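Take a look at the structure below.
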Amino acid sequence: MPGFELFGDLERKELNDVLENGVLMRYGFDGMRNGHWKAKELESEIESRFDIKHAQLTSSGTTALNVALAVMGIGAGDEVIMPTFTFVASFESILAAGAIPVLVEIDDTLTLDPTAVEKAITSKTKAVMPVHMCGSMADLDALKDICDRHDLYLLEDACQAFGATYKGKKVGTIGDAGTFSFDFVKTITCGEGGVMMTNNDDFAMWADQYTDHGHDHIGSDRGAETHPILGYNFRISELHAAVGLGQIKRMDEFIAIQRRNHGILKGALSEIPEVSFRRVPDPEGDSCGFLNFFMPTAELTSKVVQAFKDHGIDSFWNYYENNWHYVRRWDHLKNAKSLFPISEEVRSRIEGIKDQKFPQSDDLISRNISCLIKLSWEEQQVRDLGKKMTEAIRSVL
Ligand SMILES: *Cc1c(COP(=O)(O)O)cnc(C)c1O
């Protein structure tokens, strides 16, 4: 998955354009910049490649989520439904909005369980935030149907599923808004960066303003612009955008490599009857940034983890033991370790997560192993790795 593995001349060329004119900021300085608008160009690339009306670049995937929640008008006391298995950015962005993260079970797609989502809806629910974890996608038809019936926003966190599709549409463009991260370890990297995508014209206008202190971006004198709304600084720099612009031109190549490597590894592991794979709602659309498989029991899974280590295999995770991606170890959330006071309502709700049980998620995550699919692997290298993995698994069966 990490695009940095194949950092090269294209990225350097785009970056040099910026260094040569010295305008590191995405707005203004029209005369100095020699016609280079890297952030604007990257937004246009995303809009055309993803067939979406509006792309708003941000400083990170996390701030892209902040922006999406803000333009949806989500704030104090509102509830947002999110999965137990995700990156911490999901609840960080919800808490930053002053809203309440409502955690629900995942299913064998390793993403939101639609049945659990429907049960968690209350009169305060404003949005459902599926997170397309590890390269593949949530059951988007079912989630969209729930959102339509209950008049809720669908916000897709597609940070880990860059280039995945669902029934012919790009993941991240199906909900009311969607996000990608371009941090250092994502399929396409800017170093740091993110994007919020939407077909909603109002959301796009507010996102453009909100990410830049509320600037209306009318005219060419920043000091004379008005501020129709309160905003923040969530801007991306031209330097970061330039790297992303070089990378995104290679996205088809990157996804093709991921799919080839994923196919080889999956083929190898499929020979072991005890191994089963996550359900992918649209298998053709898997971006294949990771290969996720299950062992029959948690005990066997731990043995496989040890066997992988003993066989010198790296870049795989059992998220049950991981501090960042699964609810079990989110003690800072459950103990409301905020540096500043948070509302009593939010505090009591997040402290309440301690008493919540997620048996379905526990079962799935404790039996899951997630293998990163690297872009730099040569074909023979992946075949050898597949052989090593099957040997390691067979050694504990
Ligand atoms: C990486 C990631 C984010 C946050 O992206 P940053 O750019 O690192 O802030 C959000 N959600 C998921 C699922 C991610 O993997």
Side-chain angles (χ1 to χ4, degrees), residues 1-4 39 42 46 55-70 80-97 101 103-104 106 109-112 127-138 140 143 154-164 171-172 175 177-197 207 211 232-237 239-241 243-244 247-248 258 278 286-290 292 315 317 319 322-327 329-330 333 361 365 368 370-373:
M1 181 164 95
F4 74 75
L42 179 51
I46 294 167
Q56 175 67 53
L57 285 172
T58 56
S59 51
S60 71
T62 309
T63 54
L65 290 168
N66 289 340
V67 174
L69 292 167
V80 179
I81 294 175
M82 59 165 275
T84 52
F85 175 49
T86 176
F87 183 54
V88 291
S90 305
F91 60 75
E92 286 171 350
S93 60
I94 297 166
L95 291 173
L103 273 59
V104 308
I106 55 162
T109 63
L110 295 178
T111 67
L112 277 181
V128 176
M129 189 198 284
V131 185
H132 305 301
M133 285 300 277
C134 308
S136 173
M137 77 291 304
L140 282 164
L143 294 174
L154 182 63
L155 167 51
E156 290 177 80
D157 177 343
C159 292
Q160 291 194 11
F162 185 88
V171 161
T179 61
F180 290 128
S181 161
F182 301 126
D183 79 19
F184 192 52
V185 296
K186 297 303 202 285
T187 306
I188 295 294
T189 183
C190 292
E192 298 285 359
V195 67
M196 187 214 74
M197 299 173 291
T211 49
Y232 278 110
N233 177 1
F234 289 150
R235 294 188 304 254
I236 193 166
S237 81
L239 290 170
H240 293 90
V243 176
Q247 289 252 304
I248 206 167
Q258 283 183 177
R278 81 187 295 182
D286 194 340
S287 76
C288 296
F290 295 81
N292 282 269
S315 300
W317 297 272
Y319 286 110
N322 181 292
N323 287 339
W324 294 92
H325 292 82
Y326 188 54
V327 61
R329 295 270 178 90
W330 292 341
L333 172 69
S361 304
I365 294 296
N368 180 255
S370 183
C371 307
L372 180 68
I373 302 294

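Quick note: numbers below take in every heavy atom, side chains included, and nothing from hydrogens, waters or symmetry partners. Since we're looking at a predicted model, the values are computed, not measured. Both ligands and their constituent atoms are indexed starting at 1 by order of listing.
Looking at residues two or more places apart in sequence or on another chain, you find a ring-ring contact (aromatic ring centres under 6.0 Å, His included) between Tyr232 and Tyr210, Phe234.
Heavy atoms only, all atoms of each residue included: Gly194 and Ala64 are closest at C-CB, 4.5 Å.
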Audit row: Tyr319, Tyr326, ring-ring contact (aromatic ring centres under 6.0 Å, His included) steps and yes/no: CA-CA 6 Å; Tyr319 286 110; Tyr326 188 54; 9.0 Å; no
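Side-chain contact annotation: Asn66 with Ser93, donor-acceptor N/O pair under 3.5 Å absent.
Going from atom CG of Leu95 over to atom OG of Ser90 covers 10.5 Å, rounded to the nearest 0.5 Å.
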Inventory of protein N or O atoms under 3.5 Å from ligand 1 N or O:
from	atom 1	to	atom 2	distance (Å)
ligand 1	5 (O)	Ser181	OG	3.2
ligand 1	7 (O)	Gly61	N	2.7
ligand 1	7 (O)	Ser181	OG	2.7
ligand 1	8 (O)	Asp183	OD2	2.6
ligand 1	9 (O)	Gly61	N	3.4
ligand 1	9 (O)	Thr62	N	3.0
ligand 1	9 (O)	Thr62	OG1	2.5
ligand 1	11 (N)	Asp157	OD1	3.4
ligand 1	11 (N)	Asp157	OD2	2.8
ligand 1	15 (O)	Gln160	NE2	2.9
ligand 1	15 (O)	Lys186	NZ	3.2

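Between Phe182 and Phe180, the ring planes are tilted. Angles from 30° to 60° get that label.
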